[in-house]
Amino acid sequence: MPDKPTLEGLEAKWVAAWARDDVYGFDRAAALAAPRSQTYAIDTPPPTASGSLHVGHVFSYTHTDIVARYHRMTGKHVFYPMGWDDNGLPTERRVQNFYGVRCDPSLPYDAGFTPPEKPGKDQLPISRRNFVELCEQLTAVDEAEFEKLWRQVGLSVDWGNVYRTISETSRATAQRAFLHNLARGEAYAQEAPTLWDVTFRTAVAQAELEDRERPGAYHRVAFAGPEGPVHIETTRPELLPACVALVAHPDDERYQPLFGQTVRTPLFGVEVPVVAHRLAEKDKGSGIAMICTFGDLTDVIWWRELQLPTRAIIGWDGRLLPDAPDGVPAEVYAELAGKTVFSAQQRIVELLRESGDLEGDPKPITHPVKFFEKGERPLEIVTTRQWYIRNGGRDADLRAALVARGREIQWVPEHMRHRYENWVEGLNGDWLISRQRFFGVPFPVWYRLDDAGEPVFDEPILAPESALPVDPSSDVPEGFTEDQRGVPGGFAADPDVMDTWATSSLSPQVASGWDTDPELFGHVFPMDLRPQAHDIIRTWLFSTVVRAHYEQGQVPWTHAAISGFVVDPDRKKMSKSKGNATTPIDVLEKYGTDAVRWRAAGARPGADSPFDEVQMKVGRRLAIKLLNVGKFVLGSIGATADLVGTPVSEPVDAALLTRLREVVAEATAAMEAYNYTRALEVTETFFWQFCDDHVELVKTRAYGEDGGPAEGATSAKAGLATALSVLNRLLAPVLPFATEEVWSWWRTGSVHRAPWPTVEELPAGGDAALVGVAAEALAAVRKAKSEAKVSMRAPVESAVVHAPADQVALVEAVRRDLVAAGIISTLTVEPGEGPLTVDVVLAPAAEA
RNA sequence: GGGCGCGUAGCUCAGCGGUAGAGCUCUCGCCUUACAAGCGAGCGGUCGCAGGUUCGAACCCUGCCGCGCCCA
């Protein structure tokens, strides 16, 4: 035990010791030999390896760690893996920026390639394989940094069980699950209009959309009707060549005469029908709108339900296609071809003005526009061939089944269930899982090429499961040779990769060994806990439920614990992109890990909490206090381990331990309910009362200096030792470092493997009410001294306690300690009316 | 527009039918054989507003107002 205990250095010391002693390893054999209820399995969120961790991450991962530590102390085998989400677009972006390269799949692999020292002005095109290698290299570096931070945070994960979403196992798992989905008809490919990000040149899923308010303008444009002009108002006049119909509401009397007739588009003179549909809004603009292929998702619905032709004009790059669509005069379209959407709009507006078909000036408005959440340009809709997994967006029965799955999960807090149900019930399409990107899990699919070299999509060639994982762009399907790749009569790889969520939605399967250790998987799945933040309920949580529903016919976990965000003083979510993120490492070093964890524990599940450095000091103070009281009880007072649990003879000691039974019961119930905040609160409140009142009351007796019978000293020491042992363990999940330090001074083994305290290990014979009465009496004496502005060591000549009749005996019970702690010469106890009061007469020497 | 959550002391939050709580801040004290990075005491609130139910309402019900998040 050090002379002057401090928090500094505890992290380094214990992180190393825990690793050396494998304190947090998962004992597979022992777990499998025990009943399932003795295992606690956690589906840890794999952080985005290419991202950066901020204080918000530290908080939420700490929440999970507190739960894990609690369950470990109750004797369970805690299955607590860590994952890194390194596959996907964020990594591609980081590699592009870090090395100044871009992926050009048409280039050959360069075995001797080394990336530039510094990114150049222009991005250097490199082959897909070289690009993927850079992704692998950089994520490995990033992941090592993450692990270091997590160890410093004290996460008790099993570092022998770390997975990566791009690893061979993850790729095989994702491909196998996909093949199963395909075989069962749960996955399919379809050529369909798709929301498309023109910057990243990839399709995006509904879950990745967000609406952003953007300025726009209504352009009032005249179409030539049978009996004069028909005016529509549109924010996207550049889509005029893509117009296939006009639409109004069936009840709209203004346009009923036009239904079934045709009108001619301005500039292009294309005949388009006027149709009726319930989704047309009478009070929006002129009440009649043009349907284009495609301007927005409503256009897609109209196009599909009304069986309209397709006149696509926007290409993958967001520019107008080189050729006019069928039926649109090429000569008029020619000068628009190749323009961006923005410049095409400008030109069309000029042309409409010249032709007189634009009425008045455009009316500026602000309206919501759909964006890819990671994108900076509005999404377009292009028709492409994509892979989907059915998620209920087009099937009410499936939707209901998935809602029912959500009800099998216990949500913490309960109201987060609504987020899930809202999302599932609002789905309007299946889950688009293919991405036109490079660093991801490829689809294990090839296509035969016909004599014209066109892929035969109807008959995909699937990789055999025994061969997984495969890379169809380098592996060759059975019955073909590499020289047949890309030639007529040969074969071609499916060029796409799966979206990251399509792999991370299998995190329970990946982490639990579905593909590698069926025995383990059978034991730990469904897992006990999915911890995550509320922003990804619609993505990660939902997609994981979908995959387990299909593959295992079960929910993937029994509980979902949803953390809130750490927000800045303006209540904005902390995030790197907003520039308000606090780097965790500085805070951890300034206040110590335990202090930061203490603050994290103060954020209840689901509740956002503001980042406030002042609060860190409070946690730090608690951790220091624990070191100090430990040193005092074990050092100065000389309590020893063999006294833990030995009988106490003094009522004050018995009362303390009986009161502690209530604390243990309440803290345990709270932990079982995932309410670590409440567990800490009751423990902490008791802990400070223990330090400030109980220790102060009994220390003279414990020293054997109060002149009373000698058993009193033994009783005091036994009470202190027992309480310290219990408090040490109750605080261990939140303050792993300080508690381990104190534990090491007098016990063997790690406190984190010690049994969680139970009510049974504490005596029931005391009167818990005595704790409060003793504190009240002591406080009254202290108040007298404080008001007299004298030291707490000032002697008291006489004190007269007026106690309610039913408390007189309790005051008598604490007499011995009260006299010693208050340095009271004569203590009288009298029954009185009202609350307990003490008349204090200070000894003359003490008065000023 | 729909859903969910939240409005309690200057700040952060408990309490969710029976006399308004904690921590921080602030003020005033105190070297007390663990801790001055400490200890003691004190100041501070018509519990968002308005109705209703009840013997009794921060707490239950209704309606407003404000804030946040999710979804359109």
Within residues 731-740 of chain A, the residues having a heavy atom closer than 4.0 Å to RNA chain B are none
Among the nucleotides B:C71, B:A72, B:G40, whichever has the atom closest to the side chain of A:Asp692 is B:G40
message: Using the C1' atom as the point on both nucleotides, what is the distance between B:C70 and B:C13, in whole Å?
response: 24 Å
Whichever of A:Phe632 and A:Ile624 has the more 5' nearest nucleotide on RNA chain B, that residue is A:Phe632
Under a 4.0 Å heavy-atom cutoff, the residues of residues 416-428 of chain A touching RNA chain B are A:His418, A:Arg419, A:Asn422, A:Trp423
| request: Assign A:Gln206 to base, sugar-phosphate, or nothing according to its heavy-atom contacts below 4.0 angstrom with the strands shown. | output: sugar-phosphate
Open item on the list: For the residue pair A:Arg621 and A:Trp598, would you count it as a cation-pi contact if the rule is NZ or CZ under 6.0 angstrom from the ring centre and within 45 degrees of the ring axis?
Closed with: no
Among the nucleotides B:C39, B:A34, B:C71, whichever has the atom closest to the side chain of A:Trp688 is B:C39
The nucleotide from B:A41, B:A72, B:C71 with an atom nearest the side chain of A:Arg538 is B:C71
### Message
Evaluate A:Trp501 against A:Thr544 for side chain to side chain contact (heavy atoms under 4.5 Å, CB included), listing each step before the verdict.
### Response
CA-CA 9 Å; A:Trp501 295 117; A:Thr544 309; over 6 Å; no
- Item | Short side-chain to backbone donor-acceptor contact, A:Ser786 and A:Arg782, under 3.5 Å | no
Closest of B:G42, B:A34, B:A37 to the A:Glu8 side chain is B:A37
Looking only at B:G5, B:A37, B:A72, the nucleotide nearest the A:His415 side chain is B:G5
Checklist entry - Is A:Arg236 salt-bridged to A:Glu380, cutoff N-O under 4.0 Å? => result yes
Note: A:Glu666-A:Arg659 ion pair, threshold 4.0 Å (strictly below)
no
Residue set satisfying side chain to side chain donor-acceptor pair (under 3.5 Å) with A:Lys783, at least two apart, ordered chain then number -> none
Q | Separation of the P atoms in B:U53 and B:G68, to the nearest angstrom | A | 35 Å
Using the C1' atom as the point on both nucleotides, what is the distance between B:C59 and B:C47, in whole Å? 10 Å
Note to self: Measuring only the C1' atom in each nucleotide, how far is B:G15 from B:A57? A whole number of Å is fine.
What the structure shows: 14 Å
Taking for A:Lys370 and for A:Cys691 the nucleotide of RNA chain B with the nearest heavy atom, the one nearer the 5' end belongs to A:Cys691
Taking 4.0 Å as the cut-off, does a side-chain nitrogen or oxygen of A:Lys617 come that near to OP1 or OP2 on B:G38? no
Whole-Å P distance, B:G48 and B:C11:
14 Å
Separation of B:G38 atom C1' from A:Leu627 atom CG, nearest Å, is 14 Å
Using 30° and 60° as the class boundaries, would you call the ring planes of A:His534 and A:Phe565 parallel, tilted or perpendicular? tilted
With syn defined as a glycosidic angle within 90 degrees of 0 and anti as anything else, the base of B:A58 is syn
Original post:
Does the distance from a Lys or Arg side-chain N to an Asp or Glu carboxylate O, for A:Lys13 and A:Glu740, drop under 4.0 Å?
Top reply: no
| field | Residue-phosphate contact under 4.0 Å: A:Arg793 side-chain N/O, B:C30 OP1/OP2 | value | no
- Task: Pick the C1' atom in B:G21 and in B:G45, then give their distance to the nearest Å.
- Result: 11 Å
Self-check item: Aromatic ring pairing A:Trp302/A:His277, orientation class (parallel under 30°, perpendicular over 60°, tilted between)
Solution: perpendicular
Parsed dot-bracket for RNA chain B after applying the Watson-Crick and G-U rules with both distances under 3.5 Å and | for other-strand partners is ((((((((.[[[[.)..(..]]]].(((((.......))))).....[[[[[..)....]]]]]))))))).
- Task: Considering only atom C1', compute the distance from B:A58 to B:A20 and round it to an integer number of Å.
- Result: 9 Å
Basic-acidic side-chain contact under 4.0 Å: A:Lys284, A:Glu233:
no
Taking 4.0 angstrom as the limit, do A:Glu421 and A:Arg407 come out as a salt bridge? yes
Between CD1 of A:Ile823 and P of B:U32 the distance, given in whole Å, is 10 Å
Sequence neighbours excluded, the answer for salt bridge (Lys or Arg N to Asp or Glu O under 4.0 Å) partners of A:Glu589 is none
(Q) Taking only side-chain N and O atoms of A:Lys625, does any of them lie within less than 4.0 angstrom of OP1 or OP2 on B:C39? (A) yes
Query raised in the report: Roughly how far apart, to the nearest Å, are B:G17 and B:C61 at atom P?
Result: 11 Å
Nucleotide by nucleotide, nucleotides 10-29 of chain B touches protein heavy atoms under 4.0 Å in the pattern (B base, S sugar-phosphate only, - none) --SSS--------BS---SS
* To do: Would you check if the side chain of A:Asp430 reaches a backbone N or O of A:Asn391 as a donor-acceptor pair within less than 3.5 Å?
  => yes
Exercise. State plainly whether the residues A:Arg701 and A:Asp653 are in salt-bridge range, i.e. N to O under 4.0 Å.
Key: yes
TODO: Mind telling me whether A:Trp743 and A:Trp746 have parallel, tilted or perpendicular rings, with 30° and 60° as the class edges?
DONE: perpendicular
Presence of salt bridge, A:Asp211 and A:Lys370, under 4.0 angstrom:
yes
